[in-house]
Number of protein chains: 2
Amino acid sequence: MVSTNLLKGSLQTIVLKLLKENGRMYGYEITKKVEELTAGKVILTYGALYPVLHKLEAEGSVVTESENHKNRTRIYYSLTRAGQSIMKEKMKEMKEFLDAISQILNPSPGFNHV
Amino acid sequence: MVSTNLLKGSLQTIVLKLLKENGRMYGYEITKKVEELTAGKVILTYGALYPVLHKLEAEGSVVTESENHKNRTRIYYSLTRAGQSIMKEKMKEMKEFLDAISQILNPSPGFNHV
DNA sequence: ATTATATATATAAGTAAATTGAATATGCAA
DNA sequence: TTGCATATTCAATTTACTTATATATATAAT
């Protein structure tokens with residue numbers, strides 16, 4: 001499993017992006033989706049995920065609908081317009097970060113040896 | 001500037017990798033190198049960097065040599081064998097993390113619409 | 001002269017964002 | 001009737017930073 005402390009700071013972005021790609025989702029479903037997408041390499045713990053969902057709701061980035069499925073409550077989350085715009089910003093930041101990281105960790109091969 | 005909270009968890013790896021690429025370096029030099037490599041987008045603060053360097057030394061991943069340059073102390077850090085092996089592990093984890101992130105954030109285009 | 005900027009390291013206090021662990025509750029398969 | 005999957009919640013703790021402050025010298029600008 002991927003060292004989860006690398007996830008610090010990226011969890012909000014991941015959640016927002018998944019909601020964008022998949023429409024409304026509930027918490028448990030999000031953890032399963034992440035497991036699936038990463039072939040079991042990334043496990044979102046509930047202690048990490050639910051506080052993020054609650055925070056996004058408090059901020060107005062997502063809205064919720066409670067539904068009952070086999071006597072269990074599912075709380076569906078979906079992006080608001082504000083949430084979509086925040087997602088776009090976060091995705092932009094994330095891409096810059098990934099570029100920066102790759103500049104540091106994968107220095108242009110052949111370039112420093114001319 | 002890249003939102004620095006995205007760096008959480010990657011700082012140790014960055015430092016270890018830079019020491020591998022550049023041989024021995026001192027703290028101030030490391031911050032300048034990161035600035036240079038990322039075109040000023042990532043600024044390592046000293047409050048983040050020096051504790052990491054001290055931790056790496058305490059763990060035996062790096063060793064230090066103090067030198068005097070223009071009446072200022074420079075503390076050069078270089079990788080030990082143990083540090084090189086830890087760097088390799090961390091780089092592997094980092095790559096898996098980056099792969100995982102890109103699976104989540106850049107779902108295979110065209111694949112979900114067949 | 002003196003002010004500002006660059007070089008160089010250190011550490012304490014505070015905060016954000018996780019981890020870990022426990023609690024609650026139901027459906028279904030072995 | 002035991003265990004696993006489903007589904008959410010929250011408190012206590014830990015990690016890994018940020019922010020702010022301190023110390024000290026060299027050099028360029030005004």
Side-chain angles (χ1 to χ4, degrees), chain A residues 1-16 24-36 40 42-59 61-62 64-77 90 93-94 97 100-101, chain B residues 1-16 24-36 40 42-59 61-62 64-77 90 93-94 97 100-101:
Chain A
M1 189 173 119
V2 170
S3 173
T4 51
N5 71 337
L6 289 171
L7 279 167
K8 276 179 203 282
S10 54
L11 190 46
Q12 266 199 42
T13 311
I14 288 171
V15 169
L16 291 170
R24 68 174 206 165
M25 299 178 86
Y26 53 101
Y28 190 80
E29 187 186 7
I30 292 173
T31 68
K32 294 299 148 190
K33 191 70 181 176
V34 167
E35 252 186 273
E36 180 202 319
V42 176
I43 309 292
L44 289 193
T45 59
Y46 306 121
L49 177 64
Y50 286 108
V52 163
L53 287 171
H54 299 158
K55 197 187 164 199
L56 290 173
E57 189 185 10
E59 284 172 5
S61 294
V62 300
T64 60
E65 298 163 281
S66 278
E67 284 184 25
N68 219 279
H69 183 79
K70 292 188 183 172
N71 279 326
R72 281 187 214 89
T73 301
R74 279 185 182 170
I75 303 173
Y76 282 94
Y77 293 82
K90 295 253 178 200
E93 268 182 30
M94 176 70 77
F97 165 71
I101 281 283
Chain B
M1 186 175 124
V2 170
S3 173
T4 50
N5 70 339
L6 288 172
L7 280 166
K8 276 177 202 287
S10 53
L11 189 48
Q12 268 200 39
T13 310
I14 287 171
V15 169
L16 291 169
R24 66 174 206 166
M25 300 177 84
Y26 53 100
Y28 189 82
E29 187 186 7
I30 291 174
T31 68
K32 294 299 151 193
K33 191 69 180 175
V34 167
E35 252 186 272
E36 180 202 321
V42 176
I43 310 292
L44 287 194
T45 59
Y46 305 120
L49 177 63
Y50 286 108
V52 163
L53 288 171
H54 299 160
K55 197 188 165 199
L56 290 173
E57 189 184 10
E59 284 171 4
S61 295
V62 299
T64 60
E65 298 162 282
S66 278
E67 285 184 24
N68 219 277
H69 181 79
K70 291 188 185 171
N71 277 327
R72 283 187 214 91
T73 299
R74 280 183 181 174
I75 303 173
Y76 282 95
Y77 293 83
K90 295 252 179 204
E93 268 183 28
M94 177 69 76
F97 167 71
I101 281 283

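Keep in mind that the numbers below use all heavy atoms, side chains included, and drop hydrogens, waters and symmetry copies. To find a chain, count down the sequence lines: A is the first, B the second, and so on, and within it residues start at 1.
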Between its two end axes (five pairs each) the helix from C/dA1-D/dT30 to C/dA30-D/dT1 turns, nearest 10 degrees, through 10°

Which residues, if any, of residues 28-35 of chain B bring a heavy atom under 4.0 Å of DNA chain D?
none

Distance check: side-chain N/O of B/Y50 vs OP1/OP2 of C/dT9, anything under 4.0 Å?
yes

Quick one: list whatever passes side-chain contact (heavy atoms from CB on, under 4.5 Å) with B/T64, sequence neighbours left out.
B/E57, B/I75, B/Y77

By side-chain contact (heavy atoms from CB on, under 4.5 Å), which residues pair with B/E59, not counting sequence neighbours?
B/Q12, B/K55, B/L56, B/S61

Any residue in residues 65-74 of chain B with a heavy atom nearer than 4.0 angstrom to DNA chain D? Just list them by number, or reply none.
B/K70, B/N71, B/R72

With respect to the side chain of B/A48, which nucleotide from D/dT9, D/dC17, C/dT9 is positioned closest?
D/dC17

Partners passing salt bridge (charged side-chain N to carboxylate O under 4.0 Å, His left out) against B/E67 (at least two apart in sequence or in another chain):
B/R24

Residues forming a side chain to side chain donor-acceptor pair (under 3.5 Å) with A/Y26, sequence neighbours excluded
A/R74

Nearest to the side chain of B/K55, which nucleotide is it out of D/dA16, D/dT9, C/dA10?
D/dA16

Sequence neighbours excluded, the answer for ring pair (Phe, Tyr, Trp, His ring centres under 6.0 Å) partners of A/Y28 is none

Taken in chain and number order and not counting sequence neighbours, the residues that satisfy side-chain contact (heavy atoms from CB on, under 4.5 Å) with A/N68 are A/N71, A/T73

Looking only at the side chain of B/T45 (C-beta and beyond, no hydrogens), which of the listed nucleotides C/dT20, D/dT18, D/dC10 gets closest?
D/dT18

